[in-house]
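We count residues from 1, following the sequence as given.
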Amino acid sequence: EIILNSYRKEQQHRRSLSSGLAWEWVGRFSVVALLLSSILVFLGLYRRHIYIRQANIFVIVGSITIMAILSSIASHMDISAVYLVPIGIVTILISTFFGSRTAFFCHMVMVLLCSFIAPSRFEYVIIQSIVGMIIVFSLKDGLQDRKQLMHTSVFAGIGYLGTYLIYTLANQATLAGVSPSIATMMVLNAILLLLSYLIIYSFENIFGYTSGVMLVELCNMGKGLLLR
């Protein structure tokens with residue numbers, strides 16, 4: 001009888017654990033659905049010209065989802081690797097094709113999604129939010145050339161390291177808690193932002209978008225023809 005009671009208690013404990021885990025996943029999926037739905041609501045209310053084209057929705061929501069998946073994969077490899085995922089690439093893409101306000105709204109949604117995977121959620125939200133502001137401010141007139149993208153990458157790297165150091169100092173009153181691995185991931189993240197140029201070129205060919213970079217190149221070609 002004692003053995004049977006122990007077995008029943010163990011079974012009940014396992015059921016409660018599995019039930020709790022199931023509800024946890026339901027909650028997570030609900031949060032993800034709400035955040036992604038907020039993008040559709042924003043576009044439908046304030047960016048109707050973007051919303052009416054399905055390809056735009058696919059690019060925006062798909063890019064954010066890919067970054068969230070990459071962040072999840074990276075965190076399973078190394079918890080600090082979540083800072084290696086260059087979510088700023090999506091911010092640069094959206095800013096280039098759809099405008100800075102849309103880019104910043106989508107950036108914040110993406111940060112909130114990825115924060116569920118980060119080792120310190122509040123720290124992640126603070127750092128990525130500030131870096132997102134820096135990227136949007138540096139591209140206020142749109143991406144015009146590769147030099148501007150390099151400047152954005154440098155500013156983002158400074159923003160990552162500066163915000164991380166200040167946040168650590170504010171919380172611990174010392175810089176001894178700064179993780180070299182996290183700092184390294186942030187520097188690599190800023191470098192990876194340079195891949196945006198290739199992705200922008202690909203999106204122009206695939207989805208028929210026109211960026212400031214393409215317009216500048218066409219103007220330069222036009223100048224050459226005029227000189228002839």
Side-chain angles (χ1 to χ4, degrees), residues 22-75 82-118 121-143 149 152 156 189 192-193 195-214:
W23 280 112
E24 180 182 351
W25 278 105
V26 169
R28 288 187 177 185
F29 279 118
S30 299
V31 171
V32 170
L34 284 172
L35 289 172
L36 293 179
S37 297
S38 69
I39 296 176
L40 300 179
V41 173
F42 173 82
L43 294 176
L45 292 176
Y46 302 107
R47 296 294 184 271
R48 191 70 185 175
H49 63 285
I50 298 175
Y51 181 80
I52 57 177
R53 188 184 176 194
Q54 291 184 349
N56 297 336
I57 304 295
F58 174 78
V59 168
I60 294 173
V61 176
S63 299
I64 292 173
T65 304
I66 288 172
M67 285 300 168
I69 293 171
L70 290 177
S71 297
S72 178
I73 295 172
S75 66
V82 70
Y83 286 104
L84 177 63
V85 180
I87 65 173
I89 287 179
V90 176
T91 310
I92 293 172
L93 292 176
I94 297 176
S95 179
T96 301
F97 295 127
F98 307 116
S100 57
R101 293 183 182 180
T102 304
F104 185 68
F105 183 88
C106 293
H107 179 84
M108 292 309 302
V109 170
M110 183 167 49
V111 168
L112 292 174
L113 277 175
C114 296
S115 66
F116 282 95
I117 307 154
R121 294 180 182 178
F122 186 68
E123 176 189 80
Y124 183 86
V125 170
I126 291 293
I127 294 173
Q128 296 288 15
S129 298
I130 292 176
V131 173
M133 293 178 195
I134 292 172
I135 292 174
V136 171
F137 293 158
S138 66
L139 298 174
K140 62 183 180 66
D141 297 322
L143 184 63
L149 183 59
T152 300
N189 185 317
L192 288 173
L193 293 181
L195 294 174
S196 301
Y197 193 84
L198 297 175
I199 299 175
I200 288 171
Y201 180 76
S202 300
F203 277 30
E204 286 175 340
N205 291 312
I206 296 171
F207 299 102
Y209 294 141
T210 302
S211 68
V213 179
M214 177 183 285

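The two residues V125 and S115 make their nearest non-hydrogen contact at CG2-CB, 3.7 Å. Nearest heavy-atom pair across S100 and V136 is CB-CG1, 3.6 Å. Residues L193 and P86 approach most closely at CD2-CB, 4.1 Å, considering heavy atoms. Contact record, S95 with A103: N-CB, 3.5 Å, taken as the closest heavy-atom pair.
Residue L192 holds its CG atom at 12.5 Å from CD1 of I87, rounded to the nearest 0.5 Å. From F104, atom CZ reaches atom OG1 of T91 across 9.5 Å, with rounding to the nearest 0.5 Å. Put simply, CE on M67 and CG on L70 are 6.0 Å apart, with the number rounded to the nearest 0.5 Å. If you take CD on E123 and CD on Q128, they are separated by 10.0 Å, rounding to the nearest 0.5 Å.
Proximity of V90 to C106: side-chain heavy atoms (C-beta onward) are nowhere separated by under 4.5 Å. The side-chain heavy atoms of L112 and V31, taken from C-beta on, include no pair separated by under 4.5 Å. Residues I127 and Y83 have side chains in contact (heavy-atom distance under 4.5 Å, counting atoms from C-beta outward).
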Contacts table for residues 48-62: side-chain donor-acceptor under 3.5 angstrom, sequence neighbours left out:
residue: R53; atom: NH2; partner: F207; partner atom: O; Å: 2.7
residue: N56; atom: OD1; partner: Y209; partner atom: OH; Å: 2.6
residue: N56; atom: ND2; partner: I50; partner atom: O; Å: 3.1

Kindly list each side-chain donor-acceptor pair under 3.5 angstrom involving residues 34-47, sequence neighbours excluded, with atom names and distances?
residue: S37; atom: OG; partner: A33; partner atom: O; Å: 2.6
residue: S38; atom: OG; partner: L35; partner atom: O; Å: 2.4
residue: R47; atom: NE; partner: T102; partner atom: OG1; Å: 3.2

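For F137, the side chain to side chain contact (heavy atoms under 4.5 Å, CB included) criterion is met by M133, not counting sequence neighbours. Residues satisfying the side chain to side chain contact (heavy atoms under 4.5 Å, CB included) criterion with A74, sequence neighbours excluded, are A81, V85. Listed by chain and number, the residues in a side chain to side chain donor-acceptor pair (under 3.5 Å) with S63 amount to none (sequence neighbours excluded). Looking at residues two or more places apart in sequence or on another chain, you find a side chain to side chain contact (heavy atoms under 4.5 Å, CB included) between S196 and I89, I92, L149.
Legend: side chain to side chain donor-acceptor pair (under 3.5 Å) pairs involving residues 64-75, not counting sequence neighbours: none detected.
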